[in-house]
Number of protein chains: 2
Amino acid sequence: MAENGIPAAQRGRKHLLVREYVRSLIVDAEPGSPAPSERDLVEQFGVARMTVRHALDGLVAQGLLERIPGRGTFVTKPLIDMQMRLSSFSEEMERRGKVPESKTLLARRETAGPGLARALETEVGSPIVHWERLRLADSQPIAIQHVYLSLDTFPRFLDDALPSSLYYLFADRDLMPTWGEDSVVAAVATEEEAESLELEPGAPVLHISRRSFCREVAVEVTRSIYRADRYTLWVPVLRPEHLR
Amino acid sequence: MAENGIPAAQRGRKHLLVREYVRSLIVDAEPGSPAPSERDLVEQFGVARMTVRHALDGLVAQGLLERIPGRGTFVTKPLIDMQMRLSSFSEEMERRGKVPESKTLLARRETAGPGLARALETEVGSPIVHWERLRLADSQPIAIQHVYLSLDTFPRFLDDALPSSLYYLFADRDLMPTWGEDSVVAAVATEEEAESLELEPGAPVLHISRRSFCREVAVEVTRSIYRADRYTLWVPVLRPEHLR
DNA sequence: ACCCTAGCGAGGTCTAGCCCAGTTGGAAGG
DNA sequence: CCTTCCAACTGGGCTAGACCTCGCTAGGGT
């Protein structure tokens, strides 16, 4: 079972290479412009067409691409514009004109359970950093944020001083996330969460789980619990072309 | 190659046969119960495994099935994982393979307060339609939806029969929304909401407020209250080039 | 009684083709 | 000049295998 030096995320996953290549093409392409044809990608990457189709399937499912039989594959209008972008808590708060602050509640080594291993694309039992912080804006508690990183990706994380911003760390290691996916759900605060957030237990909170990727590599998983009375998520949306 | 027993109308769509067969199996299966294995389906239907996988991909994307490597494919809990985009409740539910339904709780003329007036870009005291519906998927209550329209924009709304879909009405009047903005916040169900949604009062709910625009015109304001246990939001995010 | 391992079956990925149905643009013919 | 038609694309669907890793379990050895 010894890793032979090749990162687990890279072994036998050609479709991710293709997908991230195409994603990089369409991030700042104009809506409606054509993506490379499937057969062109087959030639470029020297893979089977099924592999290319699988790669594009993911982008179509995310609403970034649209297939039109007989014509080609085209860049859709982006679903997300300015506000709902991949940015850090600090960036978000600064944009809202507030002073961000954070207090570390916990920073320790753990081992990956099945869920985390899958999300971070590592193996069950592999070493993980769990960093829990209370996040404040203008000295008022806003959220509890759990960050999970693979220690294989950030080996010296717990040896060095904790970074002031996670995103500086990503930039240093050339792993700045380029895209991600958020899951949003409502919940009520547990007793522990209520205490940290200065809420009554049972008060509503917003759970936002995020997986961030740099190219095709899963970089971080965060689970944030926001006070519903101090945080509203704002998402601009566009109507997908094919529904008009 | 020319296996026949099936009408020519459906030729070349074997994956749909497999998909609908599996869907029929899992409609009233308990969450967590296993679906047939891919290789079993290959034998049952006499198709290639890629075809079976394609069939199951659709059900996985709709959130009906969950794949677990090494174990099998299983029926998920009925949680609706909805992608944030400007589309109607019905469209989203159909995309998820569920049967949408709605019950009108209220439909009357009101006058705009300051908040609504600003949101709909009319004047305070101007006539407004307030339409409240209970929204269901596969006969299970999912959300309460309050729709507010300006009676200046839709003068005959309350005189005609209520439309089966609001978006048909928009299409008729050439006011199909092209973009919008959503505000998302967590809350707990009021007694009244809990009753309609078949929840305990105090259970977590997701409030989604939407303003939809057709070009520069504010067309509708909706305020929806979703059951948190049956509804999550999925938001893909991209990091803009200039922040990298 | 314990642990370890081999094997089996699950899904994950990939190949190198095949034919089909739409779309399109240019060449041939009126 | 215009129309018609076809060839060269596009994606959609499908085949019949291959090899990989993961999760579980039944046996076997200690």
Side-chain angles (χ1 to χ4, degrees), chain A residues 1-4 6-20 22 32-61 65-76 112-118 120-126 216 218 242, chain B residues 1-4 6 8-20 22 32-61 65-76:
Chain A
M1 303 312 132
E3 283 310 310
N4 49 14
I6 302 170
Q10 285 280 14
R11 246 176 310 130
R13 305 196 130 201
K14 303 187 183 178
H15 68 104
L16 289 181
L17 289 176
V18 179
R19 181 177 301 173
E20 295 317 310
V22 177
S33 61
S37 84
E38 296 177 356
R39 286 167 176 90
D40 281 357
L41 291 168
V42 164
E43 238 184 275
Q44 265 187 60
F45 284 86
V47 297
R49 183 147 162 255
M50 288 295 313
T51 306
V52 168
R53 284 184 62 73
H54 186 197
L56 297 184
D57 280 345
L59 299 173
V60 170
L65 287 180
E66 179 186 13
R67 289 194 173 110
I68 303 180
R71 303 224 305 122
T73 306
F74 301 88
V75 179
T76 55
L116 254 187
R118 181 178 286 261
L120 283 173
E121 292 171 355
T122 66
E123 279 134 52
V124 173
S126 65
E216 71 272 25
H242 64 276
Chain B
M1 231 54 86
E3 257 341 284
N4 259 325
I6 38 175
Q10 278 293 347
R11 75 179 153 14
R13 305 220 124 199
K14 302 187 184 178
H15 69 107
L16 291 182
L17 288 177
V18 180
R19 182 176 299 172
E20 292 317 308
V22 176
S33 60
S37 85
E38 296 178 356
R39 286 165 174 92
D40 281 356
L41 291 168
V42 164
E43 237 184 274
Q44 263 188 62
F45 284 86
V47 296
R49 189 156 156 245
M50 290 294 316
T51 306
V52 168
R53 284 185 62 74
H54 186 195
L56 297 185
D57 280 347
L59 298 174
V60 170
L65 287 181
E66 178 186 15
R67 289 195 172 111
I68 304 181
R71 302 225 304 121
T73 306
F74 301 88
V75 179
T76 56

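Computed over heavy atoms, backbone and side chain alike; hydrogens, waters and symmetry mates excluded. Chain letters run A, B, ... following the sequence lines, proteins first, then strands; residues in each count from 1. Keep in mind the model is a prediction, meaning the values are calculated, not measured.
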Engineer: With rounding to the nearest 0.5 angstrom, report the CG to CZ distance, B:Leu41 to B:Arg53.
Structural biologist: 12.0 Å
Engineer: Among all residues two or more places apart in sequence or in another chain, which pass the side chain to side chain donor-acceptor pair (under 3.5 Å) test with B:Glu20?
Structural biologist: B:Arg23
Engineer: Please list, pair by pair, any protein nitrogen or oxygen found under 3.5 Å from a nitrogen or oxygen in nucleotides 5-8 of chain D.
Structural biologist:
none

Engineer: How long is the line joining NZ of B:Lys14 and P of D:dC14, in whole Å?
Structural biologist: 7 Å
Engineer: Could you give me the stems involving DNA chain C, meaning stretches of three or more consecutive Watson-Crick or G-U wobble pairs whose two defining distances are both below 3.5 Å?
Structural biologist: C:1-30 with D:1-30
Engineer: Round to a whole Å and report the spacing from CZ of A:Arg53 to P of D:dG13.
Structural biologist: 7 Å
Engineer: What's the CG-P distance between A:Asp57 and D:dG11, to the nearest Å?
Structural biologist: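 Going from A:Asp57 (CG) to D:dG11 (P), I get 12 Å.
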Engineer: Between A:Arg67 and D:dG11, is there a contact of a side-chain N or O with OP1 or OP2 at under 4.0 Å?
Structural biologist: no
Engineer: With rounding to the nearest 0.5 Å, note down the distance linking CG in B:Leu56 to NE2 in B:His54.
Structural biologist: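 NE2 of B:His54 is found 10.5 Å from CG of B:Leu56.
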Engineer: To the nearest Å, how far apart are A:Met50 CE and D:dG17 P?
Structural biologist: 17 Å
Engineer: Tell me, do B:Leu65 and B:Val22 make a side-chain contact under 4.5 Å, heavy atoms counted?
Structural biologist: yes
Engineer: Under 4.0 Å between a side-chain N/O of A:Thr51 and OP1 or OP2 of C:dT15, yes or no?
Structural biologist: yes
Engineer: For D:dG17 and B:Arg49 - does any side-chain N or O of the residue sit under 4.0 Å from the phosphate oxygens OP1/OP2?
Structural biologist: no
Engineer: Pull out every protein N or O sitting under 3.5 Å from an N or O of nucleotides 22-25 of chain C, one pair per line with the distance.
Structural biologist:
{"from": "C:dG22", "atom 1": "N2", "to": "A:Gly70", "atom 2": "O", "distance (Å)": "3.2"}
{"from": "C:dT23", "atom 1": "O4'", "to": "A:Gly70", "atom 2": "O", "distance (Å)": "3.3"}
{"from": "C:dT24", "atom 1": "OP1", "to": "A:Arg71", "atom 2": "NH1", "distance (Å)": "3.2"}

Engineer: For residues 34-46 of chain A, which residues have at least one heavy atom under 4.0 Å from DNA chain D?
Structural biologist: A:Ser37, A:Glu38, A:Arg39
Engineer: Not counting sequence neighbours, which residues clear salt bridge (charged side-chain N to carboxylate O under 4.0 Å, His left out) with B:Arg71? List them please.
Structural biologist: none
Engineer: State which residues pass salt bridge (charged side-chain N to carboxylate O under 4.0 Å, His left out) with B:Glu66; sequence neighbours excluded, sorted by chain then number.
Structural biologist: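 Testing B:Glu66 for salt bridge (charged side-chain N to carboxylate O under 4.0 Å, His left out), a comparison that skips the adjacent residues, returns none.
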Engineer: Is the distance from OP1 or OP2 of D:dG12 to the nearest side-chain N or O of B:Arg13 less than 4.0 Å?
Structural biologist: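 Result: no.
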Engineer: Where the side chain of A:Val47 is concerned, which of C:dT15, C:dC14, D:dT15 is the nearest nucleotide?
Structural biologist: C:dT15
Engineer: Report all side-chain donor-acceptor pairs from residues 44-52 of chain A shorter than 3.5 Å, counting only partners two or more places apart or in another chain.
Structural biologist:
{"from": "A:Gln44", "atom 1": "OE1", "to": "A:Tyr21", "atom 2": "OH", "distance (Å)": "3.4"}
{"from": "A:Arg49", "atom 1": "NE", "to": "A:Glu38", "atom 2": "OE1", "distance (Å)": "2.9"}
{"from": "A:Arg49", "atom 1": "NH2", "to": "A:Glu38", "atom 2": "OE1", "distance (Å)": "3.1"}

Engineer: Is there any protein nitrogen or oxygen under 3.5 Å from a nitrogen or oxygen in nucleotides 5-7 of chain C, and what are the pairs?
Structural biologist:
none

Engineer: Calculate the interatomic distance between A:Glu66 atom CD and D:dT10 atom C1'; express it in whole Å.
Structural biologist: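 Taking atom C1' of D:dT10 as the reference, CD of A:Glu66 is at 14 Å.
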Engineer: Rounded to the nearest angstrom, tell me the gap between atom CZ in B:Phe74 and atom C1' in D:dC24.
Structural biologist: 11 Å
Engineer: Measure CG/B:Leu59 against P/C:dG11 and give the value in whole Å, please.
Structural biologist: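 Going from B:Leu59 (CG) to C:dG11 (P), I get 13 Å.
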Engineer: If only side-chain N and O atoms of A:His54 are considered, is one of them under 4.0 Å from the OP1 or OP2 phosphate oxygen of C:dC14?
Structural biologist: no
Engineer: If you look at every heavy atom in B:Ala55 and B:His15, which pair is closest and at what distance?
Structural biologist: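 In terms of heavy atoms, the two residues are closest at CB-O, 3.2 Å.
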Engineer: Rounded to whole Å, how long is the line connecting atom CG of A:Leu65 with atom C1' of D:dT10?
Structural biologist: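 From A:Leu65 CG to D:dT10 C1': 15 Å.
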